[in-house]
Chemist: 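Encoded as structure tokens, here's the structure I'll be asking about.
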Amino acid sequence: MKRIVIADDSSTARMMIRRCLEIVGLMDAEFAEAENGKEALALVKQEPTDLLVSDLNMPVMDGEALLKWVKASPKLTDMPVLIITSAGNPAKSQELLDMGAFSVVNKPVNPAILSEVLTPFLESEED
Amino acid sequence: MEEFNQKLQEKISSVLGETLENMAFLGVDDSSKEEIEEITGKRLSVTLLVTKPLLLEMRLEMDEELLLQVVETVYTIDRDEITPKQVEDLLAETLNTLAGLFMTEVLPEDQTFSLNLPEVNEEESEPSNEAGSHKFYYLADELPVIVELTSADKDALATLLTD
């Protein structure tokens, strides 16, 4: 079973992301939720995590700082980080991809977009 | 000036439509101040600041009944299970998404932008009457939605929209 951590300060966004992930084939995944980057970092350090989905604009620790921490940690650096944000445009997306993000998706999120960007991740689920 | 207002309205209509369609399969129709004023019912509002590359305040006001309908759809819960926090969170996330889409639409691809966190207004607040303020009125499921933009630098916003 995959473990997925969703970090977003909005419970609405977390719910929408989770629903979309379930629709694209991750119905049986174990989901853990965080309201900010600090909480998310604690969750991914606690237990091995297959996918971290994070917003950018969050209080306490934002998604960019979270991505930096993850990529700087030898234990976490291989974990894919999917950024889902309202503050992303092509320039920002490229910046985040250069920092090591697995993919960057703009809000509003929908299953079709997630299915497309998560194809490699979903294929490994089938293995 | 007319071209600016028309383009602004087109962009706002487009991003509001995309946001509500994705969140709750809701369609949006253009309306007017007069039509909206005839509809009674409590409304909630939220405000968000765009801080880069221009200073812009965005305000979203939605009918409470409409918000409850969307919360029911997003969370898949019954009306009596909905908490005020969920309603406020949904309103804030709607504006956050709308603002991000709007900025992505109007800025060049190589231009980044910054959004502050949305803040729900504690009491029913009237839209401002500032000179640089633009208000657009809509109906979603026959219930009012108002989007207001106030730019600190009106010329910068006009340039982005007319380029």
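These figures come from a predicted structure and were not determined experimentally. Chain letters run A, B, ... following the sequence lines, proteins first and then strands; every chain starts at 1.
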Chemist: Answer yes or no: does atom CD of A:Q46 have more than 12 heavy-atom neighbours from other residues, nucleotides or ligands under 6.0 Å?
Modeler: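 Correct, the count exceeds 12.
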
Chemist: Nearest heavy-atom pair of B:E18 and A:P108: which atoms, and what distance?
Modeler: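 Smallest heavy-atom distance, with atoms named: O-CG, 4.0 Å.
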
Chemist: So which part of A:Q94 gets closer than 4.5 Å to some heavy atom of chain B, the side chain, the backbone, both or neither?
Modeler: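 No part of A:Q94 comes within 4.5 Å of chain B.
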
Chemist: Other residues, nucleotides and ligands only: do more than 12 of their heavy atoms fall within 6.0 Å of NZ on A:K38?
Modeler: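 Counting neighbours around NZ of A:K38, 12 or fewer heavy atoms of other residues, nucleotides or ligands fall under 6.0 Å, so no.
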
Chemist: Spell out, yes or no, whether B:V28 and B:L44 are grouped together once hydrophobic residues are joined by side-chain heavy atoms under 4.5 Å, including indirect joins.
Modeler: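 Linked, B:V28 and B:L44 end up in one cluster.
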
Chemist: Among A:M16, A:R19, A:E95, single out the residue with the greatest number of heavy-atom pairs under 4.5 Å to chain B.
Modeler: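 Among the listed options, the one with the most contacts to chain B is A:R19.
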
Chemist: Which region of B:L90, side chain (C-beta onward) or backbone (N, CA, C, O), has a non-hydrogen atom less than 4.5 Å from a non-hydrogen atom of chain A, or is it both or neither?
Modeler: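 Answer is both: backbone and side chain atoms of B:L90 are under 4.5 Å from chain A.
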
Chemist: Do the side chains of B:M23 and B:L143 join up, straight or via other hydrophobic residues, at under 4.5 Å, putting them in one cluster?
Modeler: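 Yes, B:M23 connects to B:L143 through the hydrophobic network.
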
Chemist: Quick one: are A:V109 and B:N22 in side-chain contact, heavy atoms under 4.5 Å?
Modeler: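 A:V109 vs B:N22: side chains apart.
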
Chemist: Linking I/L/V/M/F/W/Y whenever their side-chain heavy atoms sit closer than 4.5 Å, directly or via other members, would B:L68 and B:L66 fall into one cluster?
Modeler: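 Cluster IDs for B:L68 and B:L66 match.
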
Chemist: Using every non-hydrogen atom in the two residues, find where A:A13 and B:E93 come nearest and quote the distance to one decimal.
Modeler: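 The answer is CB-OE2, 3.4 Å.
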
Chemist: Does one hydrophobic cluster hold both A:M58 and A:V44, with members joined at side-chain heavy-atom distances below 4.5 Å?
Modeler: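 No; tracing contacts between hydrophobic side chains, which count when under 4.5 Å, never links both residues.
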
Chemist: Is there any residue in residues 94-110 of chain B with a non-hydrogen atom under 4.5 Å from a non-hydrogen atom of chain A, and which ones are they?
Modeler: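 Near chain A, by residue number: B:N96, B:T97, B:G100, B:L101, B:T104, B:P108, B:E109, B:D110.
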
Chemist: Around atom CD of B:E119, are there more than 12 heavy atoms of other residues, nucleotides or ligands at under 6.0 Å?
Modeler: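 No.
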
Chemist: Work out which heavy atom in A:S11 is nearest to a heavy atom in B:Y75; give both atom names and the distance.
Modeler: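 A:S11 and B:Y75 have their closest heavy atoms at OG-OH, 2.7 Å.
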
Chemist: Would you say A:V53 and A:V104 are hydrophobically clustered, going by side-chain heavy atoms of ILVMFWY under 4.5 Å?
Modeler: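 As far as the 4.5 Å side-chain criterion goes, A:V104 and A:V53 are not connected within one cluster.
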
Chemist: Do you know which of B:T76, B:T19, B:V71, B:N116 has the most heavy-atom pairs with chain A at a distance under 4.5 angstrom?
Modeler: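 Result: the option with the highest number of such pairs is B:T76.
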
Chemist: What heavy-atom pair brings A:N57 and B:L117 nearest, and what distance separates the two atoms?
Modeler: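 Shortest heavy-atom separation between A:N57 and B:L117 comes out as O-CD2, 3.7 Å.
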
